[in-house]
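A quick write-up on the structure given underneath.
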Amino acid sequence: MKRIIEHTEDGSATLFVPELNEHYHSVKGARTESQHIFIDMGLKASAAPQPHVLEIGFGTGLNALLTLEAAEQEKRPVHYTGIELYPLTWEEVDALGYSDNPLFKQLHTAPWEEDVKISPYFTLRKIQADANTNTLSLNPDLVYFDAFAPEKQPEMWNEQLFHSLYVSMNTGGILTTYCAKGVIRRMLQAVGFLVERLPGPPGGKREILRATKGTNN
């Protein structure tokens, strides 16, 4: 699958996939989008003292990097699992210039299918698989749902997958996604999540979704 580097409005880069006519991140700002949706509205909203994060679509590793930085800053241990069917090479990611932190390279060069302690506060496990066929028996406290858009990758946005995530998730768990489409919101509600529409990232999408597994739902 061909990927082309393009720069976004906040100065950070992203990848464009001509085959899907789709970007890996918002063209309004890759880093800004990831920070807002997954860190500010996700990780910082989680009450888990040592959250287990599951990312659907590891991609460039930008969400993992920002989570690692937050874990280090807050001294809050995070176990991070990323499921990715089509991994990028380190060379592809390095060309984006996201970070000169040597730990970022370790995220991409770490072996797959095993826990790797990247730092005292961040343990990574990468799984090369289709999230639809993986058992997802990981009991996450937080899910970053970052697949390509529903119109580009419709097989990833289905009620069965959301149900699997809901069932496996710990009580009080949170799922965040950039997609605020009504059909996606209704799917999340149908499987039991309490769903909020929140303001999107600065200069980006108007709304995002945050879904919570409550104690009584």
Side-chain angles (χ1 to χ4, degrees), residues 3 5-15 23-84 87-88 90 92-110 115-127 131 138 140-148 173-180 198-205 208-211:
R3 303 175 181 92
I5 294 175
E6 292 187 1
H7 289 278
T8 67
E9 291 183 14
D10 68 357
S12 59
T14 190
L15 292 170
H23 293 85
Y24 271 65
H25 308 94
S26 169
V27 295
K28 298 294 185 180
R31 190 179 183 102
T32 299
E33 176 191 51
S34 291
Q35 177 69 36
H36 177 81
I37 299 170
F38 301 112
I39 307 304
D40 297 342
M41 298 295 110
L43 183 64
K44 292 183 179 180
S46 171
Q50 298 185 28
H52 186 160
V53 179
L54 171 63
E55 180 178 16
I56 306 297
F58 186 76
T60 64
L62 179 56
N63 296 334
L65 171 66
L66 296 177
T67 303
L68 184 154
E69 291 176 348
E72 296 290 308
Q73 184 178 6
E74 298 172 9
K75 293 181 169 49
R76 182 187 185 191
V78 170
H79 187 289
Y80 197 100
T81 300
I83 295 181
E84 176 61 60
L88 298 171
W90 166 244
E92 288 177 296
V93 175
D94 190 33
L96 295 169
Y98 283 150
S99 177
D100 56 6
N101 184 339
L103 296 182
F104 185 46
K105 183 175 183 179
Q106 288 186 39
L107 295 177
H108 286 278
T109 57
D115 286 355
V116 180
K117 201 168 185 65
I118 302 295
S119 82
Y121 296 102
F122 193 89
T123 299
L124 174 68
R125 185 180 185 89
K126 296 185 295 184
I127 300 173
L138 299 168
D141 300 293
L142 190 60
V143 173
Y144 297 167
F145 202 92
D146 202 18
F148 286 133
I174 292 171
L175 180 151
T176 55
T177 182
Y178 63 86
C179 183
L198 302 174
K205 296 175 69 70
I208 64 168
L209 295 181
R210 181 168 66 199

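Just the heavy atoms: all of them, side chains too, but no hydrogens, waters or symmetry mates, feed the values below. Remember, predicted model here, so these are calculated numbers, not experimental data.
- The OG atom of S26 sits 8.0 Å away from the CD1 atom of I37 when rounded to the nearest 0.5 Å.
- Nearest heavy atoms, S99 versus L65: CB-CD2, 3.6 Å.
- No donor-acceptor pair under 3.5 Å is formed between the side chain of K126 and the backbone N or O of E84.
- Annotation: side chain of N63 is in contact with side chain of Y80 (closest heavy-atom distance under 4.5 Å).
- The main-chain N or O of L62 is never found under 3.5 Å from a side-chain atom of S34 such that the two would form a donor-acceptor pair.
- Counting heavy atoms from C-beta outward, H79 and T81 have side chains that approach closer than 4.5 Å.
- I118 contributes atom CD1, which lies 8.0 Å from atom OG1 of T123 (distance to the nearest 0.5 angstrom).
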Exercise for the section: Evaluate side chain to side chain contact (heavy atoms under 4.5 Å, CB included) for L15 paired with I5, printing each intermediate quantity in order. Expected result: CA-CA 5 Å; L15 292 170; I5 294 175; 3.8 Å; yes
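- Between E69 and I39 there is no side-chain heavy-atom pair separated by less than 4.5 Å.
- Between F122 and L107, the closest side-chain pair of non-hydrogen atoms falls below 4.5 Å.
- How far NE2 of H7 is from OG1 of T14: 10.5 Å, rounded to the nearest 0.5 Å.
- Aromatic ring pairs are classed by plane angle as parallel below 30°, tilted from 30° to 60° and perpendicular above 60°; the pair H108 and W90 is tilted.
- Interatomic distance, I56 CD1 to I83 CD1, rounded to the nearest 0.5 Å: 4.5 Å.
- The distance from atom CD of E72 to atom CD of E74, rounded to the nearest 0.5 Å, is 11.0 Å.
- Side chain of R210 to backbone of M41: a donor-acceptor contact under 3.5 angstrom is found.
- R76 has its side chain within reach of L43: a pair of non-hydrogen atoms, C-beta onward, lies under 4.5 Å apart.
- L209 CG to L198 CG: the interatomic distance, rounded to the nearest 0.5 Å, is 8.0 Å.
- At a threshold of 4.5 Å between non-hydrogen side-chain atoms, the residues Q50 and D141 do not count as touching.
- Under the side-chain contact (heavy atoms from CB on, under 4.5 Å) rule, V78 has a single partner from P51, S46, S119, which is P51.
- The two residues Y98 and A30 have their closest heavy-atom pair at OH-CB, 4.3 Å.
- Relative orientation of the F38 and Y144 rings is tilted, given thresholds of 30° and 60° on the angle between their planes.
- Among all heavy-atom pairs drawn from Y121 and A71, the shortest one is O-CB, 3.6 Å.
- Annotation for L124 and A110: closest pair CD2-CB, 4.4 Å, computed over non-hydrogen atoms.
- Between P202 and T32 the shortest side-chain heavy-atom distance falls below 4.5 Å.
- Between P77 and K75, the closest heavy-atom pair is CD-O, 3.8 Å.
- Here the side chains of I208 and E33 are not in contact, with every heavy-atom distance at 4.5 Å or above.
- In this structure a side-chain-to-backbone donor-acceptor pair under 3.5 Å is missing from D115 to R125.
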Problem - Audit row: F104, L68, side chain to side chain contact (heavy atoms under 4.5 Å, CB included) steps and yes/no - result: CA-CA 9 Å; F104 185 46; L68 184 154; over 6 Å; no
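- Nearest heavy atom pair, residue Y24 against residue T60, reads CD2-CG2, 3.9 Å.
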